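Keep in mind it's a predicted model, so treat the numbers as computed, not measured.
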Amino acid sequence: MSLLDKIDRQNTPKHIAIIMDGNGRWAKKQGHMRLYGHNFGVESVRNVLKAAKELNLKHLTLYAFSTENWNRPKEEVDGLMDLLVKTISGELPKLHENKVRLRAIGDIEGLPEACRNELQEAMEQTKNYENLDLILALNYSSRWEIKNAVKKIAKEVKDGIYTENEITDDLISDHLTTKGISDPELLIRTSGEHRISNFLLWQIAYCELHFTPVLWPDFTQEDLYKAVLDYQSRERRFGMVSEQITKSL
Ligand code: IPE
Ligand code: IPE
Ligand code: MG
């Protein structure tokens with residue numbers, strides 16, 4: 001029985017988020033520059049897109065570049081931005097073929113112009129597709145996102161649009177860059193690190209976390225299925241007790 005066959009189709013996550021980590025270590029292990037690892041990481045993105053299709057996933061969010069990643073050596077940052085431009089244009093036919101809508105979260109205005117243009121063009125061309133949302137977190141950090149949401153909400157309260165008592169969880173969610181996108185049920189981090197690195201802090205309040213030692217360029221479709229099986233082995237209690245969950249099934 002293949003891993004895919006073992007997956008319970010009634011209980012698959014609708015939204016998976018991935019912290020794609022370990023490209024640099026993967027390259028170093030083979031005596032190459034870090035950028036070599038980033039290039040190979042693109043193949044893993046293709047793999048997870050194929051797996052997402054098999055699983056009928058609705059949203060796939062990939063952490064591709066954090067606001068903190070600007071602090072890396074300039075040649076790595078430049079290489080990553082070039083790779084982004086090349087990858088978006090290279091993969092666009094596949095997005096059309098599979099009716100995948102490309103979206104982005106993060107401070108897109110802060111990306112280099114070539115990158116922003118390529119991204120905006122691809123998002124425009126795919127905006128009516130509904131099979132899967134591929135959401136790239138670019139120049140993203142959760143604290144940046146939450147800080148902006150707080151500023152907007154404070155201004156709207158000041159302008160009398162609503163009162164502070166009307167601030168709900170949903171209202172806060174609607175002020176984040178993920179507005180309209182359901183929270184991820186499963187977050188995967190590769191490379192053996194057990195941290196969140198400023199990713200989707202609000203949205204993962206009740207998300208299941210799956211950490212794997214696999215370095216991102218080695219990540220396969222099977223690794224995604226393993227993560228989903230791990231997710232399905234968990235009991236999601238949302239603060240309740242086990243008996244309440246099993247009774248309601
Ligand atoms: C993830 O791999 C890709 C980005 C953060 C852009 P890394 O480049 O962080 O690889 P490691 O963690 O140094 O191995
Ligand atoms: C997180 O990976 C960001 C992305 C995957 C884009 P990092 O490699 O930047 O995270 P830290 O520095 O190890 O926490
Ligand atoms: Mg890393």
Student: Residues in side chain to side chain contact (heavy atoms under 4.5 Å, CB included) with Glu121, at least two apart?
Tutor: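 By the side chain to side chain contact (heavy atoms under 4.5 Å, CB included) rule, Glu121 matches Gln125.
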
Student: For residues Ser173 and Trp202, is any side-chain donor paired with an opposing acceptor at under 3.5 Å?
Tutor: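 Side-chain D/A pair, Ser173 to Trp202: present.
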
Student: Under 4.0 Å between a Lys/Arg side-chain N and an Asp/Glu carboxylate O for Asp78 and Lys74?
Tutor: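 Lys74 and Asp78: salt-bridged.
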
Student: Please check this pair: side chain of His15 against backbone of Ser182, looking for a donor-acceptor N/O pair closer than 3.5 Å.
Tutor: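 Pair found, side chain donor or acceptor close to backbone of Ser182.
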
Student: Can you pull the salt bridge (Lys or Arg N to Asp or Glu O under 4.0 Å) pairs that have at least one residue in residues 157-166, sequence neighbours excluded?
Tutor: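 Passing the test, one end in residues 157-166: Lys155-Asp159.
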
Student: Salt bridge check, Asp230 against Arg234: does any charged N sit closer than 4.0 Å to a carboxylate O?
Tutor: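 Looking at Asp230 together with Arg234, the answer is yes, because their closest N to O distance falls below 4.0 Å.
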
Student: Taking only residues at least two apart or on different chains, which pairs with a member in residues 48-59 satisfy salt bridge (Lys or Arg N to Asp or Glu O under 4.0 Å)?
Tutor: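 For residues 48-59, and leaving out neighbouring residues, there are no salt bridge (Lys or Arg N to Asp or Glu O under 4.0 Å) pairs at all.
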
Student: Mind checking ring pair (Phe, Tyr, Trp, His ring centres under 6.0 Å) for Tyr162 and listing every partner two or more places apart, or none if nothing turns up?
Tutor: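 With neighbours one apart ignored, the set is empty.
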
Student: Which residues satisfy the salt bridge (charged side-chain N to carboxylate O under 4.0 Å, His left out) test with Asp218, sequence neighbours excluded?
Tutor: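 Scan of Asp218 (salt bridge (charged side-chain N to carboxylate O under 4.0 Å, His left out), adjacent residues dropped) gives none.
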
Student: Under 3.5 Å, side chain of Arg116 to main-chain N/O of Ile108, donor-acceptor pair present?
Tutor: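 No, the answer is negative, given that no donor and acceptor are paired below the 3.5 Å cut-off.
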
Student: Looking only at atom types and distance, does a side-chain atom of Asn139 sit under 3.5 Å from a main-chain N or O of Asp107, one as donor and one as acceptor?
Tutor: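 Side chain of Asn139 to backbone of Asp107: a pair is present.
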
Student: Do Gln244 side-chain atoms and Val241 backbone N/O form a donor-acceptor pair below 3.5 Å?
Tutor: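 Side chain of Gln244 to backbone of Val241, a donor-acceptor pair under 3.5 Å: yes, one is there.
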
Student: Are the side chain of Thr190 and the backbone N or O of Asp21 linked by a donor-acceptor pair below 3.5 Å?
Tutor: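 Pair found, side chain donor or acceptor close to backbone of Asp21.
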
Student: Name the orientation class of the two ring planes belonging to Trp70 and Phe65 (parallel below 30°, tilted from 30 to 60°, perpendicular beyond 60°).
Tutor: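 Trp70 and Phe65: perpendicular rings.
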
Student: Does any donor atom in the side chain of Thr220 or Asp223 lie under 3.5 Å from an acceptor atom in the other side chain?
Tutor: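 Side-chain D/A pair, Thr220 to Asp223: present.
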
Student: Members other than Trp26 in its cluster, when Ile, Leu, Val, Met, Phe, Trp, Tyr link by side-chain heavy atoms under 4.5 Å?
Tutor: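 Members alongside Trp26: Tyr36, Phe40, Leu215.
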
Student: Look at atom NZ of Lys152 and say whether more than 12 heavy atoms of other residues, nucleotides or ligands are closer to it than 6.0 Å.
Tutor: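 Yes - once you tally the heavy atoms of other residues, nucleotides and ligands closer than 6.0 Å, there are more than 12.
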
Student: Say whether, by atom type as modelled, one donor and one acceptor occur between the side chain of Ser141 and the main chain of Trp144 under 3.5 angstrom.
Tutor: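 Flag set: sc Ser141 to bb Trp144 pair under 3.5 Å.
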
Student: Keeping the roles fixed (side chain from Glu145, backbone from Thr177), state whether a donor-acceptor pair exists under 3.5 Å.
Tutor: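 Checking the backbone N and O of Thr177 against the side chain of Glu145, a donor-acceptor pair under 3.5 Å is found.
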
Student: Are there over 12 heavy-atom neighbours, none belonging to Glu130, within less than 6.0 Å of that residue's CD?
Tutor: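 Open.
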
Student: Report yes or no: does Asp183 contribute a side-chain atom to a donor-acceptor pair with the main-chain N or O of Ala205 at less than 3.5 Å?
Tutor: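 No, the answer is negative, given that no donor and acceptor are paired below the 3.5 Å cut-off.
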
Student: Looking only at atom types and distance, does a side-chain atom of Tyr225 sit under 3.5 Å from a main-chain N or O of Ser2, one as donor and one as acceptor?
Tutor: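 The answer is no, because no donor-acceptor pair under 3.5 Å joins these two groups.
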
Student: With the threshold set at 4.0 Å, does a side-chain nitrogen-carboxylate oxygen contact exist between Asp174 and Lys179?
Tutor: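 Lys179 and Asp174: not salt-bridged.
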
